Structure formats: structure tokens, C-alpha cells
Amino acid sequence: MRLLFIGDVVGRSGRKVVLDELPRLRARYGLDFVAVNGENAAGGFGITEPILEDLLGAGADVVTLGNHAFDQKEALVFIARHDRLLRPINYPPGTPGKGSGLFKATNGADVLVINAMGLIFMPELGCPFRAIDAELAACGLKQGADAILVDFHAEATSEKQAMGYFLDGRASCVVGTHTHVPTADERVLPQGTAFMCDVGMCGDYESVLGMDREEPLNRFLSKIPRGRFEPALGPGTLSALAVEIDDATGLAVRTKAVRLGGVLAPTEPLFWVE
Ligand SMILES: [Fe+2]
Ligand SMILES: [Fe+2]
């Protein structure tokens, strides 16, 4: 099974590179399942329903979120209408939407996707380790799910590494999101879980985390807000993680970071056509 996870889509530049590239990637590499983190897709803050539908229309099977999930207040309403939109599972009980779902891949596999948020330098939510553990107890690898993908939306690399080892051998892939900067540590962990601390963003990298540089620089220098954060509008890079999964075990065989377009060094072709 061929899975692609695409990191935080930031604003118009991020949307453009994903909408331009994803249909081609899906066809060229015969991708069976694609998940996209869309927490910054609407002007850098949250997601709207038309943007969600664009991402699904371009070939995403699922869109995950993070700390910006409800920056666009309408998401509190439309998330109930969309089975394929997930917000972090460890939000307080009663939060609209859901944090996990079982989805059919192109190859017929049932893929469990879980979105969770870390606690270090993040809002105070429930324990992500226990929340994910409960999901896996209800629907484990080869006991309800043919493959399991976890989007762990967190700031600290320590917390992300700990989650990787916590789930090693129990999930097909644990991928970090939120920092918008890709790490260079993608690999298959000893028990067969593909892991990457942070997959990076889809957006203009000549920026500060996808935002136009001027206002972040101003705030670091003067400590006085002068304007709003606006997405940078230069050419976007698509950042993702490709994972090949053994259909028999649901565990990862190999994994590779993907970067296309914009200013970061490109990594295409993916290993499926090496
Ligand atoms: Fe983000
Ligand atoms: Fe985030």
C-alpha cells in the first residue's frame, strides 16, 4: 500500500502547490491513500468548507487539523457535516467533530487515521498518549484496521519522538506536524512504524513559518504588533512523507520525505519509480 501524508497547508501558496501537484502525484505513483493537514489552509488560520472541498477534490482522502482547527469559526458547524475532516482527538469532550476515523483506501484497505495534539508549548488538552492508546485498543492494526496513520500535531521534538516509540509496531506511520519546518529524521522505527518528527509545511518557505516576514520580524524586534500575520505569497513547496506499507502486516517497509516546488531542494521521483 502506498500512502502519502502532506504537511500543514499554509494559505494560497500552499493550496496552489497541493491542488496543482496532488492529482499528478496520485496518478503517477498509484497512491492508495492521501492525508493532508489543513489547519492553516485559510489565510494561515483554520479552514473553510470550500477549501476543504478543494483539498478532497484534488485527491485527499482525509484532512487533519491542529491548534488552528477552529480559527475559522464556521468550522465548528461544518465539521459535523464532513466525515473526512478530523480535529485533534484530545480536545475536551463535547468539542464538535471527531479525532479519528476509518477510511477506505484505493486498494480496498481500511485505514484508521488519528489526529492528536501534543501538550508541550501547546493548549492544555487531554493526554494524547492515552487518547491514542484507547483508539488502538478499539481498532488495532490487523484487528479492525489494515493500516494506521497518526498525525501528531506538536511543537516539541522530544514529545514527538516519544510518541513514535510509544506507537512503534502498533501504527503504520506516525508523522509530526505543526512546526512547518521539515526534520531530516524520517525512517522506519525498529518495530515497523514509519516516523518523521515534522513533515514540514506546504507554502512559501521564503517566510517565517509560511507568514510574510515583515510582521514576525517587527514583533521580534519591537515587541509591539503593527499588523496582522499574512501568508507569504511566493511559490509554494509541497512537503510530505511517502510510506510504503506491507499489506500483510500493516507495517512500513520504507519511507521517504518528499519536497516539491518552491525553494527547497526537490526530492522527486518518489521511491516507487526508482
Ligand atoms: Fe500549522
Ligand atoms: Fe499548528
Side-chain angles (χ1 to χ4, degrees), residues 4-18 34-48 51-52 54-55 60 62-73 75-76 79 85-92 95 97 99 113-126 128 131-132 149-160 163 174-183 196-213 215-216 219 228-234 236-241 257-259 262 264:
L4 189 72
F5 181 88
I6 298 175
D8 307 35
V9 178
V10 182
R12 196 181 309 159
S13 292
R15 296 199 308 270
K16 179 170 173 23
V17 71
V18 172
V34 176
V36 179
N37 185 298
E39 72 147 3
N40 308 107
F45 298 93
I47 189 166
T48 64
I51 290 173
L52 170 67
D54 282 349
L55 293 171
V62 179
V63 174
T64 55
L65 295 167
N67 53 304
H68 292 292
F70 299 112
D71 285 1
Q72 304 293 324
K73 297 299 173 218
L76 288 164
I79 195 168
L85 180 62
L86 301 179
R87 47 81 175 158
I89 194 166
N90 47 338
Y91 268 107
T95 301
V113 181
I114 307 172
N115 187 196
M117 201 143 76
L119 300 184
I120 299 175
F121 304 131
M122 301 290 276
E124 282 186 45
L125 303 184
I132 294 172
L149 165 67
V150 176
D151 171 2
F152 189 40
H153 195 80
E155 180 78 35
T157 44
S158 58
E159 195 177 16
K160 292 175 174 180
M163 184 62 82
V174 175
V175 63
T177 54
H178 176 67
T179 73
H180 293 196
V181 179
T183 53
M196 186 175 185
C197 256
D198 204 298
V199 70
M201 68 167 177
C202 301
D204 177 7
Y205 272 86
E206 296 292 12
S207 68
V208 176
L209 307 187
M211 293 294 155
D212 186 85
R213 300 185 296 252
E215 180 60 17
R219 293 196 196 182
R228 291 151 50 104
F229 288 129
E230 300 284 355
L233 296 176
T237 298
L238 183 151
S239 299
L241 185 69
V258 179
R259 285 182 281 280
L264 299 190

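When a residue number appears, it is its place in the shown sequence, counting from 1. Quick caveat, the model's predicted, so the values are computed rather than measured. In listed order, ligands and their atoms are each counted from 1.
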**Q** What residues form a ring-ring contact (aromatic ring centres under 6.0 Å, His included) with F229, not counting sequence neighbours?
**A**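 Listed in chain order: nothing, the list is empty.
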
**Q** Is it true that T64 and N115 share a donor-acceptor pair across their side chains at a distance under 3.5 Å?
**A**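 There is no such pair (donor and acceptor under 3.5 Å, judged by atom type) between the side chains of N115 and T64.
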
**Q** Nearest 0.5 Å, what's the CG-CD1 distance between D54 and I47?
**A**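 Here the rounded value is 9.5 Å.
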
**Q** Could you list all the salt bridge (charged side-chain N to carboxylate O under 4.0 Å, His left out) pairs where at least one residue sits in residues 4-15, not counting sequence neighbours?
**A**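 Counting only pairs at least two positions apart or across chains, no salt bridge (charged side-chain N to carboxylate O under 4.0 Å, His left out) contact touches residues 4-15.
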
**Q** Could you work out, with ring-ring contact (aromatic ring centres under 6.0 Å, His included) as the rule, every residue matching H180, not counting sequence neighbours?
**A**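 If we apply the ring-ring contact (aromatic ring centres under 6.0 Å, His included) test to H180, skipping adjacent residues, there are no hits.
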
**Q** Nearest 0.5 Å, what's the CG-OG distance between N37 and S239?
**A** 12.0 Å

**Q** Below the 2.8 Å mark, what number of protein N, O or S atoms do you get around the Fe ion (ligand 1)?
**A** 4

